[in-house]
Amino acid sequence: MSRYLPTRVATLLLVGLPTMMFAQFAGLFAGSLAVPEVNVGQLMMLNADLADGGKKFDGQHVIVDVRTPEEYQVSMIPGAVTKVQFEKNKQQYRDCTIVVYCTIGYRSGQYAKKLMSDGFNAKNFKGSILAWCHAGLPLVTMQGEPTYRVHTYSSEYKVPSRYTAVF
């Protein structure tokens, strides 16, 4: 019998087995829904006029900005509504696909998950407003004026030189 056998068995029991169990069954115990994502190209296909004219999304989709007022008052994706606006009129969007964004996609993913648990068809915009900027697409102010200022939430997040980061 190898003198390493007890160490290998202990490692398997303490590290390997829990890791395999978590990988296999984590979804069963986490109780979380997988949130579908859309990328920049898919978001643009929802409304071809969005990048150029800032027109509203078609009646089948709504894009929701879940960032803080300090963030969305700097700029937004054209055609988006704030989370506050969405919440006030939530039922009118019941039959729409809700595309949610924030700065990088974490907060929007959490909100999309909540919307899904409430019975909405929600998707997270992968990369969120930073992905939008890295694709070179325009932003608007709350008044609908074009801008290239973007609230990046933190100085850690960089934007192309065309944009001005605010944090």
Side-chain angles (χ1 to χ4, degrees), residues 25-154 156-157 159-160 162-167:
F25 299 109
L28 295 175
F29 301 110
S32 64
L33 300 169
V35 177
E37 293 181 321
V38 297
N39 60 35
V40 173
Q42 292 166 319
L43 188 58
M44 289 304 304
M45 288 177 60
L46 297 179
N47 188 332
D49 294 329
L50 187 64
D52 298 326
K55 296 179 181 173
K56 298 283 183 192
F57 279 83
D58 60 29
Q60 299 173 344
H61 301 87
V62 64
I63 185 166
V64 179
D65 186 332
V66 299
R67 298 175 303 149
T68 65
E70 293 79 19
E71 293 171 284
Y72 63 68
Q73 287 174 359
V74 172
S75 63
M76 297 176 69
I77 292 174
V81 298
T82 67
K83 180 180 174 184
V84 172
Q85 293 168 324
F86 174 79
E87 291 284 337
K88 284 181 183 177
N89 301 302
K90 206 181 221 183
Q91 290 312 309
Q92 91 177 40
Y93 302 117
R94 180 59 66 183
D95 296 327
C96 294
T97 298
I98 315 301
V99 179
V100 188
Y101 79 92
C102 59
T103 303
I104 61 170
Y106 178 76
R107 291 176 288 172
S108 54
Q110 297 300 308
Y111 188 64
K113 189 180 298 186
K114 178 191 178 313
L115 289 175
M116 289 173 61
S117 69
D118 291 343
F120 284 90
N121 178 14
K123 297 181 180 190
N124 187 27
F125 176 24
K126 183 178 182 179
S128 286
I129 201 166
L130 291 183
W132 186 266
C133 293
H134 283 283
L137 298 167
L139 301 168
V140 294
T141 64
M142 291 290 295
Q143 295 74 35
E145 298 294 322
T147 185
Y148 285 95
R149 296 180 71 230
V150 59
H151 198 294
T152 59
Y153 189 78
S154 164
E156 292 181 33
Y157 301 117
V159 292
R162 172 182 195 178
Y163 297 86
T164 302
V166 177
F167 46 89

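Note that the structure is a prediction, hence the values are computed from the model and not measured.
Contacts of Glu156 classified as salt bridge (charged side-chain N to carboxylate O under 4.0 Å, His left out), with partners at least two apart in sequence or in another chain: none. Partners of Thr97 by side-chain hydrogen bond (donor to acceptor under 3.5 Å, both in side chains), not counting sequence neighbours, listed by chain and number: Asn121. Considering only residues two or more places apart in sequence or on other chains, Glu37 meets the side-chain hydrogen bond (donor to acceptor under 3.5 Å, both in side chains) condition with none of them. In this structure, Asp95 has no side-chain contact (heavy atoms from CB on, under 4.5 Å) partners at least two apart in sequence or on a different chain. Taking Pro146 as the reference, nothing meets the side-chain contact (heavy atoms from CB on, under 4.5 Å) condition, with sequence neighbours excluded. By the side-chain contact (heavy atoms from CB on, under 4.5 Å) test, Thr164 pairs with Arg149, sequence neighbours left out. The side-chain hydrogen bond (donor to acceptor under 3.5 Å, both in side chains) search around Gln110 returns none, not counting sequence neighbours. Under the ring-ring contact (aromatic ring centres under 6.0 Å, His included) criterion, Tyr163 pairs with Tyr148, sequence neighbours left out. Every side-chain hydrogen bond (donor to acceptor under 3.5 Å, both in side chains) that Arg107 has, sequence neighbours left out, goes to Glu71, Thr103. For Lys88, the salt bridge (charged side-chain N to carboxylate O under 4.0 Å, His left out) test picks out no residue, with sequence neighbours left out.
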(request) Any chance you could lay out the side chain to side chain contact (heavy atoms under 4.5 Å, CB included) test for Cys96 and His61, step after step, and finish with the verdict? (result) CA-CA 5 Å; Cys96 294; His61 301 87; 5.9 Å; no
(request) Apply side chain to side chain contact (heavy atoms under 4.5 Å, CB included) to Tyr93 and Phe86, showing your working. (result) CA-CA 8 Å; Tyr93 302 117; Phe86 174 79; 3.3 Å; yes
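Using a 4.5 Å heavy-atom threshold, the side chains of Val99 and Val64 count as separate. When side chains are defined from C-beta on, Val140 does not count as touching Thr147, because their heavy atoms never get closer than 4.5 Å. With a 4.5 Å cut-off on side-chain heavy atoms, Val150 and Val74 do not count as touching. For the pair Leu137 and Met44, the minimum side-chain heavy-atom distance is below 4.5 Å. Contact annotation: the side chain of Pro36 approaches that of Met116 to within less than 4.5 Å [non-hydrogen atoms, C-beta and beyond]. Residues Pro78 and Trp132 are in side-chain contact: their nearest non-hydrogen atoms beyond the backbone lie under 4.5 Å apart. Ile63 places none of its side-chain heavy atoms less than 4.5 Å from the side chain of Val81. Side chains of Pro160 and His134 form a contact here, defined as non-hydrogen atoms less than 4.5 Å apart.
For the atom pair CG (Asn124) and SG (Cys102), the distance works out to 6.5 Å, reported to the nearest 0.5 Å. In this structure, OH on Tyr157 lies 10.5 Å from OG on Ser128, to the nearest 0.5 angstrom. In this structure, the separation between CG on Asn39 and NZ on Lys126 is 7.5 Å, given to the nearest 0.5 Å.
Evaluation of the salt bridge (Lys or Arg N to Asp or Glu O under 4.0 Å) test over residues 128-143, restricted to residues two or more places apart or in two chains, returns none. Within the structure, ring-ring contact (aromatic ring centres under 6.0 Å, His included) pairs that include any residue of residues 95-114 do not occur (at least two apart or interchain).
For Asp65 and Thr82, the side-chain atoms include no donor-acceptor pair closer than 3.5 Å.
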